[in-house]
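Letters A, B, ... mirror the listed sequences (proteins, then strands); counts begin at 1. Source: prediction; values computed, not measured.
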Amino acid sequence: MSSSFLPASEQLQLLTRGVANCISEKELLAKLEKGTPLRVKLGVDPTSPDLHLGHSVVLEKLRQFQELGHQAVLIIGDFTAQIGDPSGRSKTRPALSREAILANAETYTEQAFRILDKDKTEIVFNGEWFNKMTFADVIQLNARVTMQQMLQREDFKNRIANDQEVRLHEIQYPIVQGWDSVEVRSDVELGGTDQLFNILVGRDMQKDEGMEPQIVMCLTILEGLDGVQKMSKSLHNYVGISEEPGEMFGKLMSISDELMARYFLLLLGEELDSAMHPMDAKKLLGEKIVARYHSDEAAKSARDNWEALFSNKDVGDADLPEFTIGERKDVLGVVGDAFRALFPDEAPSGSQIRQLISQGSVQLEGEKLTDIKARPEWTAGQVLKLNKKRRVRIAG
RNA sequence: GGGUAGGUACCGAAGCGGUCAAACGGGGCAGACUGUAAAUCUGCUGGCUAUGCCUUCAGAGGUUCGAAUCCUCUCCUGCCCA
């Protein structure tokens, strides 16, 4: 068994690549040298059903552990999700219903296994132990940490400094999450740098229980498409890992050059080739990421299609969703119908559509349609541009 | 429990009887310029069957020709004291 492991020092080198914070490498090396599979914990909150590239950074690291022969322990925080992780938050999180959490957990794991090796992953729900606790147990748990420790956290400190509320259940979060480490007897815990505090609490609790404390491994937080805030669904700056190839590629093409370099590093583990034209580099990034979650062919065609649409403006044979003109033939009606039919999730309001039209965003074969009441001759095969990202082909 | 400051659109924040769908900033969207980059300039940013109509300024009532603005009660939050 142990013979199948790479030498500990080699493993260490691989594992610490791209890691922002490791406490401590020395201890990790010692654990690796034992030659037995390590239990690597990753706690996830099923608060949002869609996994995106931001989550992928840490999942990729976990997979790396798996590849080296270690045991991944994925904790679904069905219980903790009801508290809501206050990390990096300036406000209290809304609590989720039990049903929503379970449904999210389902889609979450399904997506996580696009990255992780399912056969080498142990999945546990932390409700398993927390739901059994009595109030007395909870008090006991709370007795292990001090108020001062909890208040040391950035998030709380900031909120207090800004006269914003901090609710008591929120300061329970690190305690609860830390206890997970004791329950699963983790050797290593992964998380974003914003999880440092939480993970350290787990380490303390293990020590308290007489266990060998877990290694803390924090990965850099991936910025979202805006390049400023962290990638998150609620900020609408994310690329979902199960998004369509074209969608993925398009989103990645809209990022800034600066951010592109970060993505190369954090998502691909590569240094950006500065000799490359930024545009080409970005296309390469897009292709590689699409290839990772779909296929090489999908990546190639996403790129070709994108280039046809946006670079060459040769819309002729680009692959576009087809829209069949309905009852309404006026510009306002057609644009509204097209959004509702093909992009219902992002359909703008009537007023917003009016704006798109009057501001020249809506174009038929490159010609701006600025009159909402106009009734152009809609001909099959023509390309109607709705907004910056969306175009449709008029169906016959 | 006492005192005190507050609750305004996506966020921050003005407004304190009419000219308020509500200044300003951020964010977002759109156009020009580009590489669907950045920077810059410009416009827009409650909804609708749209030269008008409807619903908003924590909630419920009230005063008034007229309220985000005044009064009453209720709910919520910060800070100080206990």
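One interatomic measurement links the two molecules: NZ of A:Lys388 to P of B:U45, which rounds to 18 Å at whole-angstrom precision. Rounded to an integer number of Å, the gap from CG of A:Asp226 to P of B:G28 is 7 Å. A:Glu346 has its CD atom 11 Å from the P atom of B:A30, to the nearest Å. As a whole-Å value, the separation of A:Ile357 CD1 from B:A50 P is 13 Å. Atom CE of A:Met260 is separated from atom P of B:G35 by 15 Å (rounded to the nearest Å). One interatomic measurement links the two molecules: NE2 of A:His277 to P of B:A38, which rounds to 14 Å at whole-angstrom precision. Straight-line distance from the CZ atom of A:Arg354 to the P atom of B:A30: 19 Å, rounded to whole Å. Per the geometry, CD1 belonging to A:Ile372 stands 12 Å off C1' belonging to B:U51, to the nearest Å.
In this structure B:G1 sits in a base pair with B:C81, meeting the Watson-Crick or G-U test at under 3.5 Å. Base-pair partner of B:C53: B:G47 (Watson-Crick or G-U wobble, both distances under 3.5 Å). B:U34 is unpaired under the Watson-Crick or G-U wobble criterion, no partner having all donor-acceptor distances under 3.5 Å. Summarising the base pairing, B:U72 is matched to B:A60 through a Watson-Crick or G-U wobble pair whose two defining distances lie under 3.5 Å. B:G15: Watson-Crick or G-U partner is B:U8, with both key distances under 3.5 Å.
Looking at A:Arg144 and A:Glu209, a side-chain N of the basic residue comes within less than 4.0 Å of a carboxylate O on the acidic one, giving a salt bridge. Using a cutoff of 4.0 Å between basic side-chain nitrogens and carboxylate oxygens, A:Glu27 and A:Arg203 are scored as salt-bridged.
Comparing the C1' positions of B:G7 and B:A68 gives an interatomic distance of 12 Å, to the nearest angstrom. With both ends at atom C1', the span from B:A9 to B:G62 equals 26 Å, rounded to whole Å. Here the separation of B:G6 from B:G15, taken at their P atoms, is 11 Å to the nearest Å. Remark: the separation of the P atoms in B:G28 and B:A37 is 14 Å, to the nearest Å. For the C1' atoms, the distance linking B:C75 with B:A60 amounts to 10 Å, nearest Å. Of the C1' atoms belonging to B:C20 and B:G46, the separation is 13 Å, rounded to the nearest Å. The gap from the P atom of B:A13 to that of B:A38 amounts to 29 Å, rounded to the nearest Å. Spacing between B:C16 and B:C80 at atom C1', rounded to whole Å, works out to 27 Å.
Between A:Ser349 and A:Gly360, the residue whose closest nucleotide on RNA chain B is further toward the 5' end is A:Gly360. Looking at which nucleotide of RNA chain B each of A:Asp257 and A:Leu356 is closest to, the 5′-most match is held by A:Leu356.
Taking the six-membered ring for Trp and thresholds of 30 and 60 degrees, A:His55 and A:Tyr108 have ring planes more than 60 degrees apart, a perpendicular arrangement. Using a 30° and 60° split on the angle between ring planes, A:Trp306 and A:Phe310 fall in the tilted class, from 30° to 60°.
Residue contacts for A:Ser256: at a heavy-atom cut-off of 4.0 Å it reaches the sugar-phosphate backbone alone, with no base atom in range. Residue A:Lys368 is in sugar-phosphate contact alone, with no base atom involved, counting any heavy-atom pair closer than 4.0 Å across all strands shown. Within the nucleic acid shown, A:Ile255 comes within 4.0 Å of sugar-phosphate atoms alone, with no base atom in reach, counting heavy atoms only. Residue contacts for A:Lys283: at a heavy-atom cut-off of 4.0 Å it reaches no nucleic acid atom on any strand shown.
One hydrophobic cluster holds both A:Ile115 and A:Tyr238 under the rule that ILVMFWY side chains link at heavy-atom gaps under 4.5 Å.
In this model, a side-chain donor or acceptor of A:Gln359 finds a partner on the base of B:G43 within 3.5 Å. Contact of A:Asp280 with B:G35 (side chain to base): no donor-acceptor pair of N or O atoms is detected under 3.5 Å.
Side-chain proximity of A:Met253 to the nucleotides B:A30, B:U36, B:C44 is greatest for B:U36. The listed nucleotides are B:G78, B:U36, B:C44; the one nearest the side chain of A:Glu165 is B:G78. Distances from the side chain of A:Gln363 to the nucleotides B:G35, B:A30, B:G31 place B:G31 closest. Ranking B:A50, B:C44, B:U77 by closeness to the A:Ser351 side chain, first place goes to B:A50.
Remark: A:Glu67 CD is packed, more than 12 non-hydrogen atoms of other residues, nucleotides or ligands lying under 6.0 Å away.
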Given side chain to side chain contact (heavy atoms under 4.5 Å, CB included), test A:Asp180 with A:Trp129 step by step and report yes or no. CA-CA 9 Å; A:Asp180 283 345; A:Trp129 46 89; 2.9 Å; yes
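Taking the centre and axis of the six-membered ring of A:Tyr263, the NZ or CZ atom of A:Lys282 falls outside the cone set by 45° and 6.0 Å.
For B:A30, the OP1/OP2 oxygens have no side-chain nitrogen or oxygen of A:Lys385 closer than 4.0 Å.
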